[in-house]
There are 2 protein chains.
Amino acid sequence: MKWDDLDKQPCSLARALSVVGDRWTLVILRDCFLGVRRFDDLEKRLGITRHVLADRLKKLVEHGVLYKTPYQQKPVREEYRLTEKGLALHPVVMALVHWGDQHMADERGAPIVHVHKQCGQFMQPVTVCSCCGEPVTARDIRVEVGSGWQDRSSELIPEKDCC
Amino acid sequence: MKWDDLDKQPCSLARALSVVGDRWTLVILRDCFLGVRRFDDLEKRLGITRHVLADRLKKLVEHGVLYKTPYQQKPVREEYRLTEKGLALHPVVMALVHWGDQHMADERGAPIVHVHKQCGQFMQPVTVCSCCGEPVTARDIRVEVGSGWQDRSSELIPEKDCC
DNA sequence: TAGGTTGAGTTCCTTTTTGGAACCTGTCAA
DNA sequence: TTGACAGGTTCCAAAAAGGAACTCAACCTA
C-alpha cells in the first residue's frame with residue numbers, strides 16, 4: 001500500500017498518521033507547541049531542509065492543523081499557528097514526550113519538564129478513562145467494532161489480547 | 001539534519017520519534033496492541049512491503065519495544081510481542097486514535113471503540129495532571145528546563161506561548 | 001544609491017528510503 | 001515429488017529527503 005492511501009483505511013490511527021505520521025511533522029508541531037511560529041526559526045531550530053519544511057507546513061495548513069496569519073505588512077510576513085485541531089494534538093505530543101522521558105532519556109533525566117499552571121506542580125501526563133476517571137493501560141482496554149466500521153474486512157480485529 | 005541524528009537531540013520527543021516516528025512503525029504497533037503477532041499476519045493486514053516490515057520489526061526489537069519468542073519448534077517460528085517498554089506506548093496510540101476519531105473520521109463515526117474492562121463503559125482517553133488529576137490541555141502547560149538539559153543551545157525554549 | 005540583510009520560499013542535483021515483485025530456506029502433508 | 005507455509009532476502013525502479021544555491025520583495029546602512 002502506498003502511504004497516501006493510508007487515510008482511506010477504516011482506522012483512526014491510520015488517518016491520524018496520514019497527517020502527522022511522517023518523519024518530521026511531529027517535531028515541527030513540538031516547536032509550534034513551544035511557541036515557535038516562523039519559517040526561519042523552525043528551520044534553524046530543527047535542522048530540517050527548507051523544502052521539506054515548506055512542504056510539511058503546507059500540508060499541515062491544508063489539513064487544518066496550522067493556519068497562516070500575517071504579523072506584518074510591507075513586506076507581508078506570515079507566521080504559522082496551531083488551530084484548535086492542532087491544539088488537540090497536545091495529548092499526542094505529551095504522551096510521546098513522556099514515553100521518551102521514561103524510556104529514552106539518558107542518566108541526566110528529562111530535558112524539559114512541564115508545569116501545570118492551575119496547580120503549579122511539575123506534572124506528567126496520565127491517561128485516564130473518560131467514564132470512571134481511573135488510569136488506563138493497554139491491559140485495561142478491550143476493543144470493539146464501532147459505527148464507522150465497514151465490514152469488508154471482518155478479520156481486522158483478532159481475538160487475541162495484546163499481552 | 002539526518003534522521004539518524006535525531007535521537008542525539010536533548011529532546012524526549014525527538015528521541016521517541018527516532019524509534020516510532022517513521023511512516024509505518026505506529027501502524028505496526030497498532031496491530032500489536034490488537035493482538036497481531038506474526039510476520040505474515042502483519043503483512044496481510046497492513047499492506048506494507050515485506051522488507052520494510054522486516055526492517056521495522058528488527059528495529060523495534062533492537063529498541064526493546066518488541067521481543068521475539070518462539071511459538072513452535074521444527075521449524076522454529078517466532079512471533080513478536082510487546083515488551084513493557086512497548087506497552088508503555090499505549091497512551092501514544094490511544095491519543096492518536098482519539099484525535100483521528102475526533103478530527104479525521106467521516107460521518108459514520110469511529111471505526112473502533114474502546115471498552116474499559118474495569119468499569120465496563122465505552123471510554124475515550126483523557127489526559128490529566130499527575131499531581132492534581134485535572135484534565136490538561138496545551139493552554140494549561142508551561143514548559144521549563146529540566147535536569148537533562150544541555151545549555152549548548154540556550155534558545156531552545158522561546159518565551160512565547162503556543163496560542 | 002549601491003550593497004547587504006531578512007523572511008519565506010524554489011530549484012537543482014545527489015543520496016536514501018520505499019514499493020513491488022521474485023527468490024530462498026526448512027518443514028510438513030498429499 | 002510437488003506444493004504450501006512462515007519468515008524472511010535480493011533486486012530494481014520510483015519516490016522522498018538532504019544539501020546547496022538561487023529568487024524576490026522590501027528594508028537598512030553608509
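Chain A is the first sequence line, chain B the second, and so forth, proteins listed ahead of strands; every chain is numbered from 1. Everything numeric in this text was worked out from a predicted model, so none of it was measured.
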Is B/Lys59 near enough to C/dT17 that one of its side-chain N or O atoms lies under 4.0 angstrom from OP1 or OP2? no
B/Arg15 side chain to B/Gln9 main-chain N or O, any donor-acceptor pair under 3.5 Å? yes
Please report, rounded to the nearest Å, how far the C1' atom of C/dG19 is from the CG atom of B/Asp55. 14 Å
Indicate the atoms forming the closest heavy-atom contact of B/Phe33 with B/Gly86, along with that distance. CZ-O, 3.3 Å
Within 45° of the six-membered ring axis of B/Trp3 and under 6.0 Å from that ring's centre, is NZ or CZ of A/Arg23 located there? yes
A/Ile48 CD1 to C/dG9 P, in whole Å, measures 13 Å
Could you list where the contact with chain A starts and ends along DNA chain D, reading 5' to 3', using a 4.0 Å heavy-atom cut-off? D/dA17 to D/dC27
What does B/Glu43 touch in the nucleic acid at a heavy-atom separation under 4.0 angstrom: a base, only the sugar-phosphate, or nothing? nothing
Could you pull out every donor-acceptor pair under 3.5 Å between side chains of residues 57-72 of chain B and any protein atom, sequence neighbours left out?
| from | atom 1 | to | atom 2 | distance (Å) |
| --- | --- | --- | --- | --- |
| B/Lys59 | NZ | B/Asp55 | OD2 | 3.3 |
| B/Gln72 | NE2 | B/Pro75 | O | 3.1 |

Name all pairs fulfilling the side-chain hydrogen bond (donor to acceptor under 3.5 Å, both in side chains) condition that reach into residues 94-104 of chain B, sequence neighbours left out, sorted by first residue then second. A/Ser12-B/Asp101
Look only at the side chain of A/Thr127 and the backbone of A/Val136, and say whether a donor-acceptor pair between them is shorter than 3.5 Å. no
Which whole-number value in Å describes the distance from A/Arg56 CZ to C/dA8 C1'? 17 Å
Has B/Ser130 got a side-chain atom pairing as donor or acceptor with A/Gln124's backbone, closer than 3.5 angstrom? yes
Nearest-Å distance, CG (B/Asp4) to C1' (C/dT17)? 11 Å
Quick one: what's the B/S/- string for nucleotides 21-30 of chain C, heavy-atom cutoff under 4.0 Å, read 5' to 3'? -----BSS--
Take the protein atom OH of A/Tyr71 and the nucleotide atom P of C/dT6, then report the distance between them rounded to whole Å. 12 Å
Is A/Arg37 close enough to C/dA8 that one of its side-chain N or O atoms is under 4.0 Å from OP1 or OP2 there? no
Tell me what B/Lys58 touches on the nucleic acid: a base, only sugar-phosphate, or nothing, going by heavy atoms under 4.0 Å. nothing
Give every residue pair that meets the salt bridge (charged side-chain N to carboxylate O under 4.0 Å, His left out) criterion with at least one member in residues 127-141 of chain B, sequence neighbours excluded. A/Glu84-B/Arg139
Rounded interatomic separation in angstrom, taking CH2 from A/Trp24 and P from C/dT17: 13 Å
Want to settle it: does A/Arg23 or A/Ala54 sit nearer the 5' end of DNA chain C, counting the closest nucleotide to each? A/Ala54
Could you work out the complete set of other residues in the hydrophobic cluster of B/Phe122, with links drawn between I, L, V, M, F, W and Y side chains under 4.5 Å apart? B/Val113, B/Val115
